[in-house]
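Order of the sequence lines fixes the chain letters, A, B, ..., with proteins taken first and strands second; residue numbering starts at 1 for each chain.
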Amino acid sequence: MMHQHPRTASKVASSVPVLRIGAVGKQFGATKVLEKCSLDVDEGEIVTLLGPSGCGKTTLLRCIAGFLDADQGDVRIDGQDMGPIPVNRRPVGVVFQSYALFPHMTVARNVAYALKMQGIRGAEADRRVAGALATVSLQDFGDRYPSQLSGGQQQRVAIARVLVMEPRVLLLDEPFNALDAKLRSSMQVELRQLIKRLGLTAIFVTHDQEEALTMSDRIAIMRAGRIEQAAPPDEIFDYPATAYVADFIGTSNFWKASAAGGTVPLPDGQRRQTEHSGDVQIMARPHNLKLAEPEAGEWRGHVQFHRTIGALIEYHVETSDGVLLQVATMRQERAAPFDDGAAVSLHIIDPTYCAVYPAS
Amino acid sequence: MTDAAVPQQISGRGLGERLIDALLSGRGIWPAVPAIIVLMVVAVVPFVILLSLGFSNIVVSRGEIVSQTFSLAHLTNALTDPLYWTTFQRSLNLALTTTLLCLVFGYPVAYLFLVGGKWTKRAILILTIAPLLTSGIVRTYAWLVILGGRGVVNSTLMNLGLIDQPLRIMNTHWAVLIGMVQIHLPVMILPLIAVMSRHDSRLVEASANLGASRLATLRTIVLPLSVPGIGTGAALVFTLSYTTFVVPQLLGGGNYLNAATMIYEQVVFSLEWSKGSVSSLILMVTCLIVLVAIALVTNHFTRWTKGRDA
Ligand SMILES: Nc1ncnc2c1ncn2[C@@H]1O[C@H](COP(=O)(O)OP(=O)(O)OP(=O)(O)O)[C@@H](O)[C@H]1O
Ligand SMILES: [Mg+2]
């Protein structure tokens, strides 16, 4: 399911990236909120910042937009250092979580605002405003005030309002938070298509995994002010660079092992190659494990409970040495082959698809 | 809970509970009844008496009215007396100037509150509210110390050698104006702050992000959104300063005649109650006219709020 989203391969950065965030650091008083954050975003790419609450996503966006000055590092757009450029001269458009529409202006005047500030008026302004409103399918709403619109419509106004100034980089901070679940998922697809159609470069903040997987060409996982890994969704999911990323995205099973001589033994008797040595932890996704009769293998355990989720059966298994694991298998028949309490043996389907991390 | 239990519960509610429920429902005017009773006793009844005094000839003997006959003489006298015109004009000028100056000095403070950091906000709130904790009379007397012949201002200027005679500030129009502005400034600042902080601070950021300079943001976003605060502040400051008695009386040195001090003299010194009541009436009516004008202007600039919550 998670692999069905449309996706373009990440490009090899041959020329200057549209946006280059170079080792940006920021602290508020004694707390370091951002630390050596680096990220390149290429032309036409949608990158998602994903991370738990308080990890610094909004702060990073605010540094890019210029609402905050970074303490260390630099932000470059098309190679130009944004440091000395004030907020109102940066080629960046921000869609705020609260939309921040001007309540005393009609939709049309909200959208015309950026043009007015550039001194563009009259017929040309009207044409561009109409164009931006049409892009978000709000052509008939120009005369309304924001308070007379639904949440989804307000959000589209907020998008049209920044689109009209043709920014180089579009920043969206949790733009769907105020929308209900159904509208949210349709807006996700709609917004992604819109950004792609207009060829915009965008950074998108969320702490919702599925939203990140739907929306982005690349996901940057943030943890306590750092970017842990930035890669296409599949790569993040299949080859998480750190245990933290593996734990954060999708469901993952961890157990301890000891590596030596370039390989690490797996509990079912197989081996996996690794560059680590000494104490390590091994991660396997639930669908990379399978269950068999207890006699079939040396890695034993028993089913604690299981549940059926559509076509999947999810088993929660406790191994004989007390590790709790999740195993997901496709459902073949009507009943699950193993009942709660049943003794089983565990097997790893593809050892290369397990990840090995240094023990934390 | 079964279906049968529901109606039983409703009918089972006591009279007291239903009364409280009716009171809190907001239907009718019941919650306002205590306030209305108080207002009737302390405001409406005296007002009617005042009105009747203004439109009649009375004979007072030993502090009691012994005869009262209808007459428009006091009103026509007042409207044809140049002293009334100059006094009310002076009051109006003083109040309008005070309102304008309070706005001019208060708005930047409120703006600073909007854009300032945590400590700026705190300092502004403390400095704005603290004066309200002391009586207006005390604050007015403080100006005597500052502006008097040997007051802080004069002694400083003399010590600096800028003047050799003390300036006569006390008991002038200027002393009254300075006092009025200082006394009423918080009443302007507080509604401005209240209205400004009601709006999302992201609006200012959004404006900057869309290419507006700080000045453009102030002009196109902050100012229009603060109009309701300007209206409220102006109405409050105007009403208070148009009808004020303490400041002109103390800082004007007893010879600064505005509407309130004139009424005071008519009623307390000359015991001309009918004259005093006509003056009060004129004061009230003119005040209302200005308030309506302020409300109309405010409404004109906040038409956008009309579609709200619709
Ligand atoms: N102006 C500020 N002063 C002090 N600390 C701040 C300030 N702004 C943010 N922080 C702190 O910086 C950290 C990161 O905040 P930030 O808003 O960037 O988080 P976030 O990743 O966007 O979280 P969320 O998902 O909840 O929006 C938080 O711990 C927050 O308390
Ligand atoms: Mg945030």
Step through the shown structure and confirm whether more than 12 heavy atoms of other residues, nucleotides or ligands are within 6.0 Å of [atom1] on [X].
X: A:D180; atom1: CG; value: yes
X: A:K32; atom1: NZ; value: no
X: A:F67; atom1: CZ; value: yes

Toward chain B, the part of [X] with a non-hydrogen atom under 4.5 Å:
X: A:F96; result: side chain
X: A:L101; result: backbone
X: A:R144; result: neither

Option that, when pairs with chain B are counted at under 4.5 Å, heavy atom only, ranks first among A:V164, A:V87, A:N88: A:N88
Between A:M117, A:Q97, A:K116, A:R89, the one whose heavy-atom pairs under 4.5 Å with chain B are most numerous: A:M117
Partner set under salt bridge (charged side-chain N to carboxylate O under 4.0 Å, His left out) for B:R202, not counting sequence neighbours: B:E205
Residue-level interface, residues 207-227 of chain B with chain A, non-hydrogen cut-off under 4.5 Å: B:S207, B:A208, B:N209, B:L210, B:G211, B:A212, B:S213, B:A216, B:T217, B:T220, B:I221, B:P224, B:L225
Nearest heavy atoms of A:P103 and B:L203, plus distance in Å: CD-CD1, 3.9 Å
